[in-house]
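Report on the structure given below.
Proteins come first, then strands; the chains are lettered A, B, ... in the order of their sequence lines, and each starts at number 1.
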Amino acid sequence: MFKFIFKRILTAVPVLLAVVTVTFFLIRSAPGGPFDSEKTVSPEILENLNIHYRLNDPLYLQYLDYLKNLLKGDFGPSFKYPGRTVNEMIFSGLPITFELGLYALLTAMAFGIISGVFAALKPNTLQDYVPMSFAMAGICMPSFLLGPLLVLIFGIWLNWLPVSGWGDAQGDKILPTITLGASYAAYIARLTRTGMIEIMSMDFIRMARAKGLSEPIIVIRHALKGGILPVVSFLGPATAGLLAGSFVIETIFQIPGLGRFYVQAAFNRDYTMIMGATIFFSALIIIFNLISDVITVWLNPKLKHEIFKGA
Amino acid sequence: MGSTKKRTWPESENLEIVKGVSLWQDSWIRLKKNRLAVFGFYVIAFMALIAIITPWIAPYSYEVQDLDLGASPPSSSHFLGTDVLGRDLLTRIMYGSRISLMVGFLATTVSLVIGVLWGTVAGYLGGRTDSIMMRLVDIFYALPFIIFVILLMVVFGQNLFLLFAAIGAVEWLTMARIVRGQVLTIKKQAFIDAAITMGISNTRIITRHLVPNVLGPIIVYASLTVPSVMLLESFLSFLGLGVQPPMSSWGLLISHGVETMEEYPWLLVFPGIFFSITLFSLNFLGDGLRDAFDPRASKD
Amino acid sequence: MKHLPNKGLCLLVLAILLNILFFACTDKRKTNVSQGTKNQILHMGNGTEPQDLDPHIVTGVPEHNIISALMEGLVSEDPKDLSPRPGMAESWSISKDRMTYTFKIRKDARWSNGDQLTSDDFVFSWRRILSPSLACEYAYMMHYLKNAKKFNKDEITDFSKVGVKAIDSHTLQVTLESPTPFFLSILSHFSTFPVHRQTIERFGAIDKRGTKWTRPGNHVGNGPFILKRWELNKIIVVEKNQLYWDAQKVRLNGINFYPVENQSTEERMFRSGQLHITSTLSSEKIAVYKEKSPELLKIVPYLGTYYYLFNTLKKPFDDPDVRMALAMSIDRKKIVEKITKGGQIPAFSFTPPDTAGYTPKANIPFDIKGAKELLSKAGYPDGKGFPPAEILYNTSEGHRKTAVVIQQMWKNALNIDVTLVNQDWKVYLNSRKTKDFHIARAGWIGDYADPNTFLDMFVTGGGNNHSGWSDAVYDDLIEKASKTVSREKRFELFQEAEKILLNQVPIIPIYIYTNSSLIYPDVKGRHPNILDHHPYKYIFLSSED
C-alpha cells in the first residue's frame, strides 16, 4: 500500500507538469491581457509593463522561466496586485477555503450518508420519499439561490446569524457551511441510496440475514462498506470541486478564500495567479483522488490488486 | 444495444427465465408498474411537447417589452406576471424550456457517453491503462474552466453546440470516475470470470455485461447531472457562450430572479417551480429505470 | 481497531459542530454601525480589493478612497464644491502667464514617522511617477509639467529639465508646458501625492514596482490617517494620524474599508448594520429604497457619460446618416426611468452638463420620424437591406438590460434587427481595441472637472478613441483650447468641437452617470459632489440630528 501511494505521488509529477504546460499556453492564448483597462494604457507605459513582467520574451522562454521559478517554489508576482506574490495570496486564501470545504464536506457526508441509508432500507416508502425529496430540493436549489435565501431568513429577518464574514463573529461559519454542503449532501444521499439498494439485494446480505444478524449490524458491518462505493468515487473529484465551488459562497458571504482569488484571477488575466491556483487545485485533485482510491481498497480489499498494480 | 438474452449469471436466482423476454422488454414491463416513474415520464414528455410547440402556442412574444408596465405580479392578462422589462414571464419560461431541456439532455448524453466508455474501459482493462486514463481525467479536472470557455467562445463564436461540448467536457469526468469505481468491483465477480473463460471478446463483455451491471449509479448520477448542467448553462451564458438575450433559459431566469427575489419574488418562484417539477420527475423516472434495469431485481 | 476510527471521527465531528454552532442567538448582536458611531469608526463598503496602496501605481476608485485617507497632495479639496483648499501647501501664487506656480509648503507638514515633509519630497515623488520604468498608468496626469512627457517617454533623462524645482526646503516651483486652467484640481489627484523617500528607497529603487513599502508597519504617509491593518480581500483598517497638520480638525478615529464586490452582499451587510456606507446599489434596490426608506438612499450626479460607440470603419456605420438615425431613435428618458432608475440624466450630448461651468449647447434630438428619413436617405428605407449588426457589451446586468431595450427600440422605430453579444471584461476590451465590433457599449468617467477630459478623447489617434473616427477641424479645436487661457474662449472652442462630435455621431451619448449608495444618517459632513470625493477630515459620526 505504501508502495502504491509512493508510486502515485511519483506519477503526480508528470500530471502536474502536463497541467502546468497546458494551462500556461491556454491562458496566454485567451484574448485580453492583464493590463487592459477601460482607460487605454499608453503604448510606452504598456511597453514598460511588459518589460517589467518579461512579457516581451518569446513564449517558450517565459514558460521555461516559469518552470525554473516553480522548482524553487516561487509562483511569481501577481500581475493584478503589484505588491503581492502569488505564494502570499494563495497562503492567505487556502486555509480559509480549506476549512470551509472541510466543514461543508463533513456536514454533507453526515447528512447524505445517513439519509441515503435510511432511504435504502425501505425503498419506495415514506422513509425513502421524505429524505429523497429533501435531497432533490437540495440539488434543484443552486448555491447562488440558497445562500442569499438563508441570509435573508436567518441573517436579516430573524437576525440570528451574521450575514457575512468567516471567523469574525460568532456563528458566521454556519450559513456558508450549510450553503456549500447542501447540494453535496443531496448528491451523496442519492448515491448512497442507490449503492445501498444494490448491496442489500446481494447474496451475502441475504446470507447474513439468514444467519440471524440484526439489521443495524448488517447495515453497518457489511452493507455500508460496499454501498458507499459510488460515494467514494464521487468524493475524490467532489472534494476538489467543493474547494473550487466555494467561489460562489465566498462571494455571497464575503469570505476571503482562495476560490475568489482563483475566479477573479481568471477574469483579470492575472497569469501567474491563475497558474498558481491551478497548480494547487490540481494537487488537491490528485491527493483526493488518491485518498478516494485508498478508501475504495480499504472498503473492498478484493480490489487491492486491481487498483494498486496500475500505479 | 439491441435485445439480448437475459444474462445468465451463476449466483442469480433468476435462472428460471432463460429465454423469451429480453432484458429490455423485461425492464419495460417493470418500469410500467412503477407509478411514480410513469408519472415522471409523462411530466417530462409534457414539458418536451410544450417546448416543441411553444412558438405556436406562446401567449406573447418573448422579446416584446412593455417598459411602462415593468415588473408586474401575476394577473389575468399575464398569468405568471411580467419581468422588469414588462415581458410575459410564462412566455419566457416556455421559450426558456427549449434551451434548458435541450442543454440538459444533450449535454448529459454527451457526458454520459464519454464518461461511461472512459470509465468502463479504464476499470475493466485496469493496470497501466487504468492509471493513464485516470491521470488524464485528473489533468482535465485541473484546467481552469473559465479560461477554457472563454477560448472556445473566442475561437468559434457563440453557438449552442459549443455549449454542449463545453458542458459535456467537464461533466463526463466525474461520471468516468464513478463508473470506473463500480466496474472495478463488478469485474471481480464470478460471472465476468465466466465470460472471460468462455472466450467472449472484451468489447462484448464491456457492452453486454459490465455496462448493464453498473447502470444503477450511472442512471442516478446522470439524473443528477441534468440539473447541474442546466445551471451551468446560465454561467456559460454569463461568460458569453450560450444563449444571448432577448432569448432566455431556465438557468438564466432563475439567476436573474435571485437578484430581485425580495422585490419581485414571482420572477424566481415560477421558473423555479418549472425547474423543480422537471427535475423531480426526472428523478422519479431515473429511480424507476434504475430499479427496472437492476439485473438482481427480485420479483417482490 | 475497527471501532477506533469511529470514535475519533465522532470527536472530530463534535468539535467541528461546536466550533460552527457556537453562537448566541438570544443576545442581540451589537452592530458595527452602532458601535462605530459611538467610537467614531466609519465602516465603509469599498468595491474591490485595492491593487496596491502606492499612489504612483494604482488607478481605481477603491484605491483612491483609501489613499486619500493616508496621504495628501499640495492642494486638498473643498468637501462641497471640490475647489482647491490648502493641503501640504499652505499658499501658492500663480504667474501672470499662468505657466509658473509657486507653492509654500507648510512648516508643520510631517510624515507619519515624524520626519519633516519638504519640497524635495515632491521633486522626488514626481520624478518617481514620471520614471518610465515605473510604468505608472496615471503618469499622464503630470504631463502638463514642462518636459514631463518627454521624460516619461524616455526622450530626455535629465530630470532637472522637468518643470519642478525645490527653491528651498519649503518652496516648490512648478513650470507648465502651457497654461492649464485645471492644474490646481489635478494636484488633488492621488497620482500627484508625495511619497516618503527613505521608505521607498528602503524597499527598493525609485522605479521599482510592487515593493512592500505599502504594508502596515512599513507605510509612511502624510494624510489624516495611518495604515493599521490590511487583510487581503477582507479589510483595511486606518487610524487617526496625530501628526497630521490639521489633526485637530479630524473627528473620525478610524475607518474600516471592506472590499465587497457583490452588490447584493453589500446591501445585506448594510441592512444588518455592518456598514455605514455602501459603494453602490443595484437599480432594482434603488427603486425599493426610494419608496421605503429614502432617507438612507443617496443619489448624486457623477462626472461620467454612458454611451454607445460605433465602429466607423465598418459598413454601414461609416455613414454619418446611419449613425445619426440610430442615435435619434433611442428614447433615453425611458431608459433612465425604467431601467437604470438611479436618477441618471438622459444625455443628448457627450460632456455632462455643468462640467466646471460648461454645458454643451449642441444636442442629438430624439426624433423617430427624422431618424426614419435619415435611414432611408442612407439607402435603407424602413430598415430594408440593413446588414446584420451586433451590439457588444461586457457582462453585467445593467448593460444587458440597456442593450435589450435599445435593441427593441431600434426594431420598433427603424425596423432593423441587431443581435447582442456579451463578452467577459477582458475579451470585450480586446474586441474594442482591435475594432472587432459594430456597436459597443462604453462609459467614460472624467479624470478632473473640465470638459477637456471628455472631448480630448476623440482626437485622431487618441488612445481611448476606439471609434476609428477622425476629423481635422475637431482636432484643431481641441488643440487650440489647450493653449487658450481665457475661460470663455476655451469653452467656445469646446462648444464648437462638441457640435462637430454630435453632428458626426461616432458615439451615442445615452445618459449621465449618477452614484447611488446607501448611507446611514449617522454619517455627517459628507457632501455630494460630481467626482464623489469626500475628504475624510470633514466627516464625523453622530446619531443625533
[atom1]/[X] to [atom2]/[Y] distance, rounded to the nearest 0.5 angstrom?
{"X": "B:Leu279", "Y": "A:Met141", "atom1": "CG", "atom2": "CE", "answer": "12.0 Å"}
{"X": "A:Phe247", "Y": "B:Ile146", "atom1": "CZ", "atom2": "CD1", "answer": "7.0 Å"}
{"X": "B:Ser281", "Y": "A:Met136", "atom1": "OG", "atom2": "CE", "answer": "9.0 Å"}
{"X": "A:Phe234", "Y": "B:Met175", "atom1": "CZ", "atom2": "CE", "answer": "11.5 Å"}

Is [X] close to chain A through its backbone or its side chain, or both, or neither, when contacts mean heavy atoms under 4.5 Å?
{"X": "B:Ile150", "result": "side chain"}
{"X": "B:Ser255", "result": "both"}
{"X": "B:Ile139", "result": "both"}
{"X": "B:Leu173", "result": "neither"}
{"X": "B:Leu136", "result": "neither"}
{"X": "B:Leu231", "result": "side chain"}
{"X": "B:Pro227", "result": "side chain"}

Please tell me if the side chains of [X] and [Y] come closer than 4.5 Å, counting only heavy atoms from C-beta onward.
{"X": "B:Asp138", "Y": "A:Ser282", "value": "no"}
{"X": "A:Pro230", "Y": "B:Tyr221", "value": "no"}
{"X": "A:Thr296", "Y": "B:Leu184", "value": "no"}
{"X": "B:Arg177", "Y": "A:Asn289", "value": "yes"}
{"X": "B:Met261", "Y": "A:Leu152", "value": "yes"}
{"X": "A:Arg193", "Y": "B:Asp287", "value": "yes"}
{"X": "A:Thr11", "Y": "B:Met134", "value": "no"}

Please say which of A:Leu149, A:Leu146, A:Leu145 ends up in a side chain to side chain contact (heavy atoms under 4.5 Å, CB included) with B:Val258.
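By the side chain to side chain contact (heavy atoms under 4.5 Å, CB included) criterion, B:Val258 pairs with just one of A:Leu149, A:Leu146, A:Leu145: A:Leu145.
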
Has A:Arg209 got more than 12 heavy atoms of other residues, nucleotides or ligands less than 6.0 Å from its CZ?
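Yes, CZ of A:Arg209 has more than 12 neighbouring heavy atoms, counting only those of other groups under 6.0 Å.
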
N/O donor-acceptor pair under 3.5 Å between A:Tyr187 side chain and B:Leu224 backbone:
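Answer holds: yes.
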
What part of [X] gets within 4.5 angstrom of chain B, counting heavy atoms only: side chain, backbone, both, or neither?
{"X": "A:Pro31", "answer": "side chain"}
{"X": "A:Tyr129", "answer": "side chain"}
{"X": "A:Ile27", "answer": "both"}

Counting heavy-atom pairs closer than 4.5 Å to chain B, which one of A:Ala186, A:Ala266, A:Ala137 comes out on top?
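Top option by heavy-atom pairs under 4.5 Å: A:Ala266.
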
Which of the residues A:Gly195, A:Ser133, A:Ala277 is involved in the greatest number of heavy-atom pairs with chain B at under 4.5 angstrom?
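Highest number of heavy-atom pairs under 4.5 Å: A:Ser133.
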
Yes or no on side-chain contact (heavy atoms from CB on, under 4.5 Å) for B:Ile147 and A:Ile274, after CA distance, side-chain angles and deciding distance?
CA-CA 10 Å; B:Ile147 299 286; A:Ile274 307 175; 4.0 Å; yes

So which heavy atom on A:Thr194 is nearest to which on B:Val220, and how close?
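What the structure gives for the nearest pair is OG1-CG2, 3.4 Å.
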
